[in-house]
Structure formats: C-alpha cells, structure tokens
Amino acid sequence: MHKRTLMKDFVEELKWRGMIHDQMPGVVDYLKEGMGTAYVGIDPTADSLHIGHLVSVMMLKHFQVCGHKPIVVMGGATGMIGDPSGKSEERNLLDEETLRHNQESIKEQLKSFLDFDSSETNAALMTNNYDWMKDFSFLSFIRDVGKHLTVNYMMAKDSVKKRLSGEANEGMSFTEFTYQLVQGYDFLHLYQNYNCRLQMGGSDQWGNITTGTELIRRKTGGSAFALTCPLITKADGGKFGKTETGNIWLDPAKTSPYAFYQFWLNTSDEDAEKYIKIFTLLDQETIEKLTARHREEPHMRLLQKSLAEELTIMVHSEEEYNSAVEASQILFGKGTADTLQKLSESMFLSIFEGVPLEEISRAQLEAGIPVLEFASDIAKAFTSRGEARRMVKDNGLSINKEKVGEDLIIGTQHLLNNRYILVQKGKKNFYIVRVA
RNA sequence: GGGGAGAUUCCAGAGCGGUUAAACGGGGCAGACUGUAAAUCUGUUGGCUAAGCCUUCGGAGGUUCGAAUCCUCCUCUCCCCA
C-alpha cells in the first residue's frame, strides 16, 4: 500500500516490459525532478474502450503508480478529423450529446485502472479537447497556432509523406493535413494549463506528438517530451484485439466477461510472454518465474491463465473471473454432461451469459422436434438444415454436451432445469434454447 | 474525348453450347491429433419435403431442344492515350 514511497523509475519500468519504442532525450531527467505530468489521447468513437486502448491506458497506469500524474484527453475534437496516421478513413462527426455520453462511459471504465480520486496530488485527470477547440475560431487558430510551424515541417512527417507520395496516391484533404496541428495544440494547451510536459502513445503517434513538442518550444520556449510504445502485434501477423466476432470490448454488454477471459486464455505462447509484461502489473520477478515455468511445461499455459486472470479481475471483477473459470471448466473440462445436469439455473445462466439464446413454446417441445430442425430453425446454430445434416454426419453436433445422431427427436426430456436446452456446434460454439 | 480489358458461387481465379451447383487455391466450419495452442491430416463449404427437385455465374432481352458459355442493349470497374 505504500507504493509511492518506493517510487519506481517509470522509464525503467516500461523498458523491461518492452513498452518503449522511442523516447525524446530528457524524459528521464524530467521525471527525476519530481512528479511529472503526462497525457495520452483516446478517441471517444464508442461508449466503451476496447483492448486496443489498453496499452496507452497501462502506460498511464504505470505512470501513476510511479507517482506521476496522468491525464486522459478524450479526442472529441480530433476524433472528428481523422488521423492520417494509419489507414483510418474519414471520421463521422459525433454530436455533442454522444460525445459526452461516450466520455462518461469511458471514464467509468478508466476508473478500474486509474485513480481519479481528487485528494491525491497525482490523481488522474480527464479532459476533452472538444472543450477547448469548439470555440476556437479558424482565424485565431491559423494565427496563433498555424503561424508557428512551417508547411515544410509538417510535410516531413511520415504520415503526411506517405499520403502525398505513396503508391496508394489517395491524396489527403486539408482537414487531415491539419490534424497534427490540432493534436499539437492539445499538447500546448495541456502544457500551459496543467504543466503537462510529456505525451505518450503508440509508435504511430510519434509524428503527431513531436509536432506538439515543437509547437511548445517555438511558442513558449519550453521543453516537452514524447514517449511511444511499440504497436502490439500478434506472432501470426493478425491484428491484435480482433477476433472473428469483432473487437474485444471492456464493456460487459459488448463482450461478456466470459468471452473476455477466453480471449486472453487463447493467446499464443509467443504472444503471452509479451502481453503479460504489457497488460498486467505483475512485477519483473514474478513474470520471469512464470515465463520460465511456462517454457518448461507450455501445456499448462501458466502465462495465458495468469494473463486472463489479471485482466479479467482488473477490468471486471473477481466474481466475474471466478464464474468465467467455472464456465470454462464446464465447457471444456471433463465432467461435461453430468455436471451440466446438476447446475443450478442461476449458475447455468451466468455461465452461458452472452451465448445466443432462442425461445420455443412448451407445446412445441412436447410435440417433439427432429434435431436437425431444432438445431437450425429453432436454435439458429446453422443457417440451413443441409448444414446441420452435414455437421451431424461429421459428429459435430451435441445437445446438452452429448453427441447426437440425425434421428433424435428433441422433447421435454432434454430440458435442463426444466427450461433450457444447450446446443453445441463443434467444440466452441454454443446456443441455448429456452422454453418461453 | 479516343482506345483496350473485364464483371463467375465468402475471396482469388478456371470455365469445348449440353455429362457444370460450376476446376484449383485461399478462407470458413467440422473431425482426428493436442494444451480450449501451433503445425499436420481428413471431410465439408447454394437451398429443399434430398437417389429427386429448385435457385445461382453484373442487369434486361434474344438465338437455341438446351447458355456461365453465342448475339444485342444497359450498368459498373480497371488500364492506356489525349
């Protein structure tokens, strides 16, 4: 509980975790002076963070743990423009109401990571650049901000160069070209109002961040710094944080805690070694021990389990974590069919929370329904009966965890808790039918 | 504005006028193996009241006993020249 007295060196901390891609000279010295202030930007494009945001958030987390003051800047203004770094397409404007709603939801989520408690001197702070940009007139902006940087300087940025010369040769609108100035101004604003002298972000943000430090230098003569982390990759080349079903969100309504837990649990060995350093707060010694053990007995998947545990507890809760583990054991463990029968209704529901659910009338069930029809038409596990037929032939369909044949008739005797029937396609796809 | 190429089932890409629900590959899904992994191997991949039937090859017409394959028009895409 007295972490602050044993203040860790922030840069050293990020270094061993492999979270530093690049930094401007002077960062270390700046942070040695005492409590520093740093910010990262987050686009409020949705009312929830997804795990792609987690790296920046963890940087802030470590920053705060090391005794410094983190600021989150919601990109209410910048989010409207679209960052030319990367392939982002033209953004839609969000109306102010949505913006505020998203900001509030995200702040709620950030509370699991950062301490916003105002009694602490290094309490985290949340701001929105929409607030200081919305009334900034175009004329003022080009006089006060645009004047200080040359187009030559701005054009030298990779993000711009790529768009102007690249094979893609899509060109770039003036709006997008201006993006770095707007983001740069954010930094200046924070520098002047909160004495914030460090901006962090993914390595793709380097160019934008340095525009900010340059602006600060030219306009105020002060010095500010940049620190970026490597982009998170997957060993197989896929995009991190995406699954077939889409983004992994922190919002339990968008991604159930069970799915969240499963995502981390399914990390590949290679990635797990990287991720555990980036996404958990476990200390170096613990991680090194875990990694060593994991290499000896990789099938135990110690790293994946720790990763999933740490993250699920941090983002959701210990209870959610426990039920995710329990659910996983029932779904993938041994005591399948029997355990399933013994589950209480509430347990059953919490395990299968988020699993697609369809309803059926009791009368319909009493009459009896052929499995194929049941699995495709009722449970919607298949798009057609032909597909269901094939799957059954391949031994890929289970009802209540038991493989079934084509001729089975589903009736009330299959009900669990007198109310549910579990349909399973292959190993990992579950569907539930409930008596209405 | 002139000239050329093309549009095929999730993608990519074949396709003598009949034997083509449409090759090969990728992806997806499933099975085996395993660590709920990777790799590998196997099966499958339009629908149905299923040894049969129905709907598909950019759109609309036409030729033909019969068309994804031939003709006409339309729409869209790409390339080259000005």
Side-chain angles (χ1 to χ4, degrees), chain A residues 167-170 233-246 248 255-276 290-309 311-312 321-337 339-340 351-356 367-399 401-409 422-431:
Chain A
E167 303 81 49
N169 108 64
E170 288 161 35
T233 54
K234 286 207 305 186
D236 67 7
K239 203 163 189 278
F240 171 74
K242 293 261 163 75
T243 65
E244 315 76 51
T245 41
I248 302 293
T255 299
S256 72
Y258 168 73
F260 184 86
Y261 171 82
Q262 282 288 322
F263 171 82
W264 295 105
L265 194 64
N266 280 310
T267 307
S268 72
D269 294 348
E270 210 174 322
D271 291 332
E273 290 192 19
K274 273 191 310 180
Y275 294 174
I276 194 139
L290 270 175
T291 305
R293 279 180 62 198
H294 179 263
R295 284 183 179 162
E296 270 167 38
E297 34 182 19
H299 60 283
M300 296 307 287
R301 295 193 298 159
L302 281 172
L303 285 178
Q304 285 91 336
K305 282 178 185 165
S306 312
L307 193 58
E309 175 180 349
L311 268 297
T312 309
Y321 162 72
N322 287 332
S323 51
V325 172
E326 216 160 334
S328 302
Q329 274 163 0
I330 286 166
L331 295 182
F332 299 104
K334 305 163 197 159
T336 52
T339 3
L340 198 62
I351 287 173
F352 293 104
E353 192 185 336
V355 166
I369 307 171
V371 235
L372 296 183
E373 189 180 334
F374 182 80
S376 51
D377 296 4
I378 311 285
K380 306 258 178 15
F382 305 98
T383 49
S384 73
R385 284 192 210 171
E387 197 189 339
R389 202 181 311 273
R390 262 180 253 123
M391 202 59 72
V392 168
K393 218 162 59 188
D394 284 349
N395 205 23
L397 178 67
S398 307
I399 299 290
K401 294 291 290 183
E402 283 183 342
K403 300 281 186 195
V404 297
E406 190 170 343
D407 303 324
L408 184 72
I409 303 292
L422 180 67
V423 179
Q424 181 180 5
K425 177 172 78 170
K427 288 187 184 118
K428 296 186 190 174
N429 306 296
F430 296 92
Y431 308 83

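Proteins come first, then strands; the chains are lettered A, B, ... in the order of their sequence lines, and each starts at number 1. Scope of the values below: all heavy atoms of this structure, side chains included, with no hydrogens, waters or symmetry mates. Keep in mind it's a predicted model, so treat the numbers as computed, not measured.
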Evaluate the criterion side-chain contact (heavy atoms from CB on, under 4.5 Å) for residue pair A:Val371 and A:Val392; output intermediate values, then yes/no.
CA-CA 9 Å; A:Val371 235; A:Val392 168; 5.8 Å; no
Could you measure between the two C1' atoms, the one in B:A60 and the one in B:G28, and give it in whole Å?
34 Å
Is it the case that the base of B:U34 and the side chain of A:Lys427 share a donor-acceptor contact (distance under 3.5 Å, atom types as modelled)?
yes
Any side-chain heavy atom of A:Leu372 sitting closer than 4.5 Å to one from A:Phe382?
no
On a plain distance test, is the side chain of A:Glu387 in donor-acceptor contact with the base of B:U45 below 3.5 Å?
no
Can you list the steps and then say if A:Arg385 with A:Asp377 is a side-chain contact (heavy atoms from CB on, under 4.5 Å)?
CA-CA 8 Å; A:Arg385 284 192 210 171; A:Asp377 296 4; 2.4 Å; yes
Reckon A:Gly426 touches a base, only the sugar-phosphate, or nothing at all at heavy-atom distances under 4.0 Å?
sugar-phosphate
Rounded interatomic separation in angstrom, taking CZ from A:Phe263 and P from B:U36
18 Å
Could you measure between the two C1' atoms, the one in B:A14 and the one in B:G26, and give it in whole Å?
15 Å
Separation of A:Trp264 atom CH2 from B:G35 atom P, in whole Å?
25 Å
Determine the Euclidean distance between corresponding P atoms of B:C57 and B:G25; express it in Å to zero decimal places.
25 Å
Rounded to the nearest angstrom, tell me the gap between atom NZ in A:Lys274 and atom P in B:A37.
20 Å
Please check if the number of heavy atoms outside A:Glu402 that lie under 6.0 Å from its CD is greater than 12.
no
Lys/Arg N to Asp/Glu carboxylate O, A:Glu406 vs A:Arg389, below 4.0 Å:
yes
Residue met sooner reading RNA chain B from 5', once A:Ser384 and A:Met300 are mapped to nucleotides
A:Met300
Tell me, what's RNA chain B's dot-bracket, Watson-Crick or G-U with both distances under 3.5 Å, | for other-strand, [ ] crossing?
(((((((..((......[......))((((((.......))))))(((...)))...(((((..]....)))))))))))).
Starting at the 5' end of RNA chain B and moving along, which residue's nearest nucleotide shows up first, A:Asp394 or A:Lys428?
A:Asp394
For A:Leu397, which contact category applies under a 4.0 Å heavy-atom criterion: base, sugar-phosphate, or nothing?
nothing
Which whole-number value in Å describes the distance from A:Asn429 CG to B:G28 P?
13 Å
When every non-hydrogen atom of A:Gln262 is compared with those of A:Ser328, the smallest separation belongs to NE2-OG, 2.9 Å
Using the C1' atom as the point on both nucleotides, what is the distance between B:C54 and B:G17, in whole Å?
23 Å
To the nearest angstrom, how far is A:Leu372 atom CG from B:C48 atom C1'?
13 Å
Distance between the C1' atoms of B:C65 and B:G59, in whole angstroms?
26 Å
To the nearest Å, how far apart are A:Tyr261 OH and B:U36 C1'?
10 Å
Within the structure shown, what part of the strands sits under 4.0 Å from A:Asp269 by heavy-atom distance: base, sugar-phosphate, or nothing?
base
Taking only side-chain nitrogens and oxygens of A:Lys403, does any of them come within less than 4.0 Å of OP1 or OP2 of B:G31?
yes
Give the ring-plane orientation class for A:Trp264 versus A:Tyr275, where under 30° counts as parallel, over 60° as perpendicular and anything between as tilted.
perpendicular
Please report the distance, rounded to the nearest Å, between CZ in A:Arg293 and C1' in B:G35.
16 Å
Taking NZ from A:Lys393 and P from B:U42, how many angstroms apart are they, rounded to a whole number?
18 Å
Under 4.0 Å from OP1 or OP2 of B:C48: is there any side-chain N or O of A:Arg389 that close?
no
Integer angstrom distance from the C1' of B:G13 to that of B:U8:
9 Å
Looking at A:Asp269 and A:Arg295, is there a salt bridge between them, counting it only when a charged N and a carboxylate O are closer than 4.0 Å?
no
Expressed as a whole number of Å, how far does the C1' atom of B:G15 sit from that of B:U9?
13 Å
Selected nucleotide, minimal atom distance to A:Met391 side chain, candidates B:A30, B:G35, B:G47
B:A30
Ignoring backbone atoms, test whether A:Arg390 places a side-chain nitrogen or oxygen under 4.0 Å from the OP1 or OP2 oxygen of B:G47.
yes
Heavy atoms under 4.0 Å, any strand shown: does A:Gln262 hit a base, just sugar-phosphate, or nothing?
base
Evaluate whether atom NZ of A:Lys393 has more than 12 neighbouring non-hydrogen atoms of other residues, nucleotides or ligands under 6.0 angstrom away.
no
Looking only at atom C1', what distance separates B:U56 and B:C80, rounded to whole Å?
35 Å
